[in-house]
Each structure stands twice: as C-alpha cells, then as structure tokens.
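Written out below as structure tokens is the structure these notes cover.
In this chain, residues are counted from 1 in sequence order.
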Amino acid sequence: MADKRDYYEVLGVDKSATADEIKKAYRKITKANHPDLHPGDKECEERFKEANEAYEVLSDEEKRKKYDQFGHAAFDPNAGYGGGFGGFGGFDGFGDIGDIFGDIFGFGGSRTKSRNPNAPRKGENLRATVTISFEEAAFGCEKEVSVQRVETCSECKGTGCAPGTTAEICPDCKGSGTVRTTQRTPFGMAQSTGPCQKCHGSGKIIHQPCKTCRGLGKVRRQTRLKVKIPAGIDNGQTISVTGKGNDGINGGANGDLLVTVMVKTHERFEREGTSVLLEQEISFAQAALGAEIEVPTLDGKVKLTIPEGTQPGAVFRLRGKGIPFLRGGGRGDQFVSVNVVVPKTMTSAQKEKLREYAVAMGDSSVAPKAGIFGKHKK
C-alpha cells in the first residue's frame, strides 16, 4: 500500500472535487491511455489501470469517505478495515467499455450501463445542417450533406482482427466480459460482478489487430448522403433520417441522422406559418379608380383586382397560394398588402393636373400657381 499514489493525484483533481469533475478527469485519462489504442505500451496500460482503481473509489460516496479517513489502508484486507478491491469487483464506472469508445469515436448512443458489455447497442445519432431557398422549403427538394460516420471496418468486418486471424476467447471471463469477485465487508464476504480486467470487458483478446481500425472494429469516414427535404418545412426544423447515423455496436441498430434545415430569406415573400405575405405597391390612380395588376406568387404571376377606392394597407387574399401543409392535405393562402406610393418627382404638366384635381375636390390647402390658373381665368 505504501507504493500506491494518492487517488486524487492519479486523477489530477483536488480533494474537494465534485463527482462530475472526478468523472471528467477519469474519462480524459482513460481515453488517452486505453490499451486498445496503445497496443504493447505497458506504461499506458498501468496508467489506465491506476485510473480505474482510483475512479472506483472516488466515484463511490461511501468508498470515498473511507479513503479520505483511512487512505489506502481502508481497502487493504489485512488492515482490518473491511476493505479490499477484490479485482475491482462491482466497479460500475467502467461497467461498459463502450463508454470509453463512445468518447473517442462517438458511438454508443445511450449512456445507460449494461450488465452485459457484449449486448447490442444502438449507434449514436449524427447531426447536420442544410441551407435551402424559400421555394425549396415550400415545395420540397433533395439535398446532399457531408457527415463523419463511425462505420464497421470493411477490412475486418467489425471483428478487430487482422484478416485470416481470429480473437481468443478470454480465459478469465470465458467470453462474457464480466467476472465475479469476492470482497470482504464489515458484514462478511460479499460477491459482486464487474468487467474482466484481462479483456477490458470485451470478452475476447485480439493478438493480431486489424491495421485499418487498429483492432477497434470501427472506423470514422467522411460520407456524403442524400436527404429528402419534405414540402412545407420551416426554418429551424429538424428531420430524422433513420439508420444513417453511426453504426451500432455488437449488432445493434444504427443511429439516425438529424438534419436541421435553414431557409434563406426571400426578396419579396415572408412566411407566417403556412401563409405567404407580400407587400405590393400601387399608384394613387390605381387605388382611387381601381385596376387589375399582376402580383408574384410561389406558382408564378397571377392577376389581382384592385377595387375602386382601395385604401393604403388594404389586404387581399389569394386562396391556395401559400405554403403546402407539411403533412400534406392542402396549402395555405397568400396575403397581399397594398401600399399606395406617392411620387417623389413630377413634371409641370402632372403637377398642374393634380392641382386641378385638388380644386375639383374642394381642397383649399393646395394653392394654385398664379401663372397657371391666372391664365385660365383670363
């Protein structure tokens, strides 16, 4: 016990560290020193085991209290404190080797611990973003996205072994990945089940690892996938493409690809739910006398009748010219808001006619020019 390093020192944390800080430090060390990533490196293997041992104690509230009080002697079966690791029995923090691989490669979607480390597990979901136009969002389209997927190694077919070789069934756990150990407790001897330390919970020992995946059975590849964007999708919505995430573990289902859609702003249209909004400028004469004008829609230009005496801000509805419903069954409407435009510049003749109009309407606030109206009086 005298040669053992302090567990807090092993993980590089203070004695006041929280459970999350301890877990984070542990994962960082085990990721960097995992034996499968450093075959034959004894120093990495020792650091890996040392971190496992430290985390088993510091992650358990009761064991941590004993350690803070008695140090390593608390777990020495000969020290009289009722301790003893018993081969790391009951160490749940490393109960699933997939969690370590999950941190490195991003697979192993669920963090739920499994009693059987060789049980099938679903692959992790992947995320991507795609940008489309206003019209593509309305009517749907097909886009290509690029993602990094964790896939089963094609060289070894996921076994982790070099071609022509096979893995040895672990002699300690007989391929189960777990071993039963006995611990001495204050209440007597107790049995517990934990991951096998010889095979690190995999149930097998690979003597000749695959050169492509380095014995992991998985590789990360850049992949381009075609994604169908449904009609009616809105900005910020996410669609799920089943089975296009990371490959599953131990025969588990693949994860999904979650694609978030970003819609570009349109030059003329705005969207509100399934409605399309449009502001359309008209002249004073069109508003006062009525007119038939052309307005743009998602389906092209259509004619819109402006009634006589239309007021600024009036809104007209074009039924069925809006956004298709996301789940089908029809479309929204387009709403056209008219804005009466006042000309900024006019010719002398135009001004004269407008003054005549003002006089005819009894508007005395617009003073006629003497030079023009004076001649008419003479």
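Judged by distance alone, with hydrogens and angles left aside, the side-chain atoms of D41 form a donor-acceptor pair with the main-chain N or O of C44 at under 3.5 Å. In this structure, N235 contributes its side chain and V263 its backbone to a donor-acceptor pair below 3.5 Å. Between the side chain of E270 and the backbone N or O of R268, no donor-acceptor pair lies under 3.5 Å. Judged by distance alone, with hydrogens and angles left aside, the side-chain atoms of E21 form a donor-acceptor pair with the main-chain N or O of T18 at under 3.5 Å. Under the 3.5 Å distance criterion, the side-chain polar atoms of N33 are matched with a main-chain donor or acceptor of I29. A donor-acceptor pair is defined here as one N or O able to donate and one able to accept, closer than 3.5 Å; no such pair exists between the side chain of E53 and the backbone of E50. Side chain of R331 to main chain of G322: a donor-acceptor pair is present (N/O by atom type, distance under 3.5 Å, no hydrogens or angles).
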TODO: Please lay out, stage by stage, how K204 and C170 fare under the test side chain to side chain contact (heavy atoms under 4.5 Å, CB included).
DONE: CA-CA 5 Å; K204 60 185 180 180; C170 178; 5.9 Å; no
TODO: Go through the steps to decide whether S146 and Q222 satisfy the test side-chain hydrogen bond (donor to acceptor under 3.5 Å, both in side chains), and finish with yes or no.
DONE: CA-CA 7 Å; S146 179; Q222 193 74 24; 2.6 Å; yes
- [ ] Verify side chain to side chain contact (heavy atoms under 4.5 Å, CB included) between V276 and T297, making sure each step is shown before the conclusion.
- [x] CA-CA 9 Å; V276 173; T297 71; over 6 Å; no
Open item on the list: Run the ring pair (Phe, Tyr, Trp, His ring centres under 6.0 Å) test on F316 and F335 for me, step by step, so that the C-alpha distance in whole Å, both residues' side-chain angles and the decisive distance to 0.1 Å come before the verdict.
Closed with: CA-CA 6 Å; F316 300 92; F335 294 89; over 10 Å; no
TODO: Determine, step by step, whether F269 and L298 satisfy the side chain to side chain contact (heavy atoms under 4.5 Å, CB included) criterion, reporting the C-alpha distance in whole Å, the side-chain angles of both residues, the deciding distance to 0.1 Å, and the verdict.
DONE: CA-CA 9 Å; F269 300 135; L298 290 171; 4.0 Å; yes
Task: Pair I306-V338, side chain to side chain contact (heavy atoms under 4.5 Å, CB included): steps then yes or no - done: CA-CA 9 Å; I306 304 297; V338 296; 4.1 Å; yes
- [ ] Applying side-chain hydrogen bond (donor to acceptor under 3.5 Å, both in side chains), run through T260 and T238 and close with a yes or a no.
- [x] CA-CA 4 Å; T260 300; T238 299; 3.0 Å; yes
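Here the CD-NZ distance, from E136 to K264, works out to 7.5 Å after rounding to the nearest 0.5 Å. The CG atom of L318 lies 14.0 Å from the NZ atom of K303; values are rounded to the nearest 0.5 Å. Remark: C173 SG to R180 CZ distance equals 13.5 Å, nearest 0.5 Å. The line from OG1 of T265 to CZ of R271 is 13.0 Å long, rounded to the nearest 0.5 Å. Separation of atoms SG (C153) and CD (E155) is listed at 6.0 Å; rounding is to 0.5 Å. Interatomic distance, E281 CD to Q286 CD, rounded to the nearest 0.5 Å: 10.5 Å.
Note on D68 versus K15: no salt bridge recorded, every NZ/NE/NH1/NH2 to OD/OE distance being 4.0 Å or above. Salt bridge K244/D256: absent, no basic N to carboxylate O contact under 4.0 Å. Between K49 and E45 a salt bridge is recorded (basic side-chain N to carboxylate O distance below 4.0 Å). Contact check on K218 versus E151 returns no salt bridge, with no Lys/Arg side-chain nitrogen under 4.0 Å from an Asp/Glu carboxylate oxygen. D299 has a carboxylate O that lies under 4.0 Å from a charged side-chain N of K321, or vice versa, which qualifies the two as a salt bridge.
Between L326 and P230, the closest side-chain pair of non-hydrogen atoms falls below 4.5 Å. Side chains of K198 and P171 form a contact here, defined as non-hydrogen atoms less than 4.5 Å apart. Inter-residue side-chain proximity for L257 and V227 is flagged as met; some heavy-atom pair is nearer than 4.5 Å. Side-chain contact check for V150 versus V219: every heavy-atom pair is 4.5 Å or farther apart. Within the 4.5 Å cutoff, the side chain of I233 has heavy atoms near those of the I239 side chain. Contact annotation: the side chain of Y357 never approaches that of K353 to less than 4.5 Å [non-hydrogen atoms, C-beta and beyond]. For the pair C196 and D172, the minimum side-chain heavy-atom distance is below 4.5 Å. Residues T274 and D333 are not in side-chain contact: their nearest non-hydrogen atoms beyond the backbone lie 4.5 Å or more apart.
Annotation for E142: atom CD counts as buried by contact number, over 12 foreign heavy atoms lying within 6.0 Å. The environment of CZ in R224 is crowded: more than 12 heavy-atom neighbours from other residues, nucleotides or ligands sit within 6.0 Å. The local environment of CD in E144 is crowded, with over 12 non-hydrogen atoms from other residues, nucleotides or ligands closer than 6.0 Å. Counting heavy-atom neighbours within 6.0 Å of Q208 CD, excluding the residue itself, gives a total of 12 or less. Around the CZ atom of R221, the shell of radius 6.0 Å holds more than 12 heavy atoms that belong to other residues, nucleotides or ligands. Within 6.0 Å of the CD atom in E9, the count of heavy atoms belonging to other residues, nucleotides or ligands exceeds 12. The neighbour count for E272 CD, taken as heavy atoms of other residues, nucleotides or ligands under 6.0 Å away, does not exceed 12. Annotation: E279, atom CD; neighbour count of heavy atoms from other residues, nucleotides and ligands within 6.0 Å does not exceed 12.
For P296 against L278, the heavy-atom pair with the smallest separation is O-CD2, 3.7 Å. Residues C156 and C213 approach most closely at SG-SG, 3.6 Å, considering heavy atoms. Shown here for G175 and I169, the closest heavy-atom pair between the two residues is N-CG2, 3.6 Å. Listed here is the closest heavy atom pair of R149 and G245: NH2-O, 2.6 Å. Summarising the geometry of I132 relative to C141, their closest heavy-atom pair is CG2-SG, 4.0 Å, with the distance given to 0.1 Å. The shortest non-hydrogen separation linking V13 to I22 is CG2-CG1, 4.3 Å.
Residues L126 and V145 share a single hydrophobic cluster, defined by chaining ILVMFWY side chains whose heavy atoms lie under 4.5 Å apart. Using a 4.5 Å cut-off between side-chain heavy atoms of Ile, Leu, Val, Met, Phe, Trp and Tyr, with links allowed through other members, V259 and V147 fall into the same hydrophobic cluster. The hydrophobic cluster containing V302 also contains V336, counting ILVMFWY residues as joined when their side-chain heavy atoms lie under 4.5 angstrom apart, directly or transitively. One hydrophobic cluster, built from ILVMFWY side chains closer than 4.5 Å, holds both M361 and M346.
When the options Y67, Y55, Y26 are evaluated for a ring-ring contact (aromatic ring centres under 6.0 Å, His included) with Y7, the one that passes is Y67.
Counted by atom type alone, T152 and D247 present one or more donor-acceptor pairs between their side chains at under 3.5 Å.
The side chain to side chain contact (heavy atoms under 4.5 Å, CB included) test applied to H207 returns E168, I205, not counting sequence neighbours.
Relative orientation of the H266 and F134 rings is perpendicular, given thresholds of 30° and 60° on the angle between their planes.
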